[in-house]
Amino acid sequence: LAKTTQPISMDSYEGQEVNITCSHNNIATNDYITWYQQFPSQGPRFIIQGYKTKVTNEVASLFIPADRKSSTLSLPRVSLSDTAVYYCLVGELSRDDKIIFGKGTRLHILP
Amino acid sequence: NAGVTQTPKFQVLKTGQSMTLQCAQDMNHEYMSWYRQDPGMGLRLIHYSVGAGITDQGEVPNGYNVSRSTTEDFPLRLLSAAPSQTSVYFCASSYSISGGYYEQYFGPGTRLTVT
């Protein structure tokens, strides 16, 4: 998988929009960008995946610029329950058998 | 569907003991993997399997064995437990679709303490 860099931690307040950026300069042509969310004492949960431009689902949006060297996970109007660790992964399962998680971004939502 | 199930939820071992952590999935996923997560840390890949009969090492395979005799099951064996293996262990599974799309489903985890 391509190496990714994301902030170690972030704080925000309830009701705010939170953007977490992930850098992946050596992303390959067939790589997808995937984000996971992990609450304490639980396994990670898939949030969103994209290849280019913008993807939106009921939980989040994923913005990917044309050069695909970075991506931004956007969480609208966060609540205390969005406090979690967010992981950015870049790769292609059919090529990269090893799905490696980095340290992720620890998001702390304040009241 | 039950998804990915793991047993036991909690386990305490003495140094030198062996045990098997069980993982099963009912989604007919080809890909399965084991991770460990130490307190405050990210997940580290121990072993993975791309299909029945095929396994390979991840980032931290030492002290662990796996086998994949069926699509559904992927047990993780601790050969001789050490305090450094105290951790939370997660099993995950995924289908593999050409073009690179995948989504991993994680089990609830097994919290292991080695004294």
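Residue numbering restarts at 1 for every chain, and letters A, B, ... go by the order of the sequence lines.
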Common cluster, Val50(B)/Ile46(B), ILVMFWY with side-chain heavy-atom separation under 4.5 Å: no
Joint cluster assignment, Leu73(A) & Met10(A), ILVMFWY side-chain distance < 4.5 Å: yes
Value rounded to 0.5 Å, distance of OH in Tyr105(B) from CZ in Phe46(A): 8.0 Å
Tyr35(B) side chain vs Phe101(A) backbone, donor-acceptor pair below 3.5 Å: no
ILVMFWY cluster, Leu76(B) and Leu45(B) together (side-chain gap under 4.5 Å): no
Residue-level contacts of residues 107-115 of chain B with chain A, using a heavy-atom cutoff under 4.5 Å: Gly107(B), Pro108(B), Arg111(B)
Hydrophobic cluster of Ile8(A), others only, ordered by chain and residue number, side-chain cut-off 4.5 Å: none
Residue-level interface, residues 83-91 of chain B with chain A, non-hydrogen cut-off under 4.5 Å: Phe90(B)
Tyr31(B)-Leu43(B) co-clustered via ILVMFWY side chain contacts under 4.5 Å: yes
CZ (Phe39(A)) with more than 12 external heavy atoms under 6.0 Å: yes
Validation row: Ser33(B), Ile99(A) side chains within 4.5 angstrom (heavy atoms): no
In one Ile/Leu/Val/Met/Phe/Trp/Tyr side-chain cluster, 4.5 Å: Leu80(A), Val78(A): yes
Most contacts with chain B, counted as non-hydrogen pairs under 4.5 angstrom, among Pro40(A), Gly43(A), Pro44(A): Pro44(A)
Contacts with chain A made by residues 57-70 of chain B (heavy-atom distance under 4.5 Å), listed by residue number: Gln57(B), Gly58(B), Glu59(B)
Thr34(A) and Gln104(B), any side-chain heavy atoms less than 4.5 Å apart: no
Which atoms of Tyr87(A) approach chain B - backbone, side chain, both or neither, heavy atom under 4.5 Å: side chain
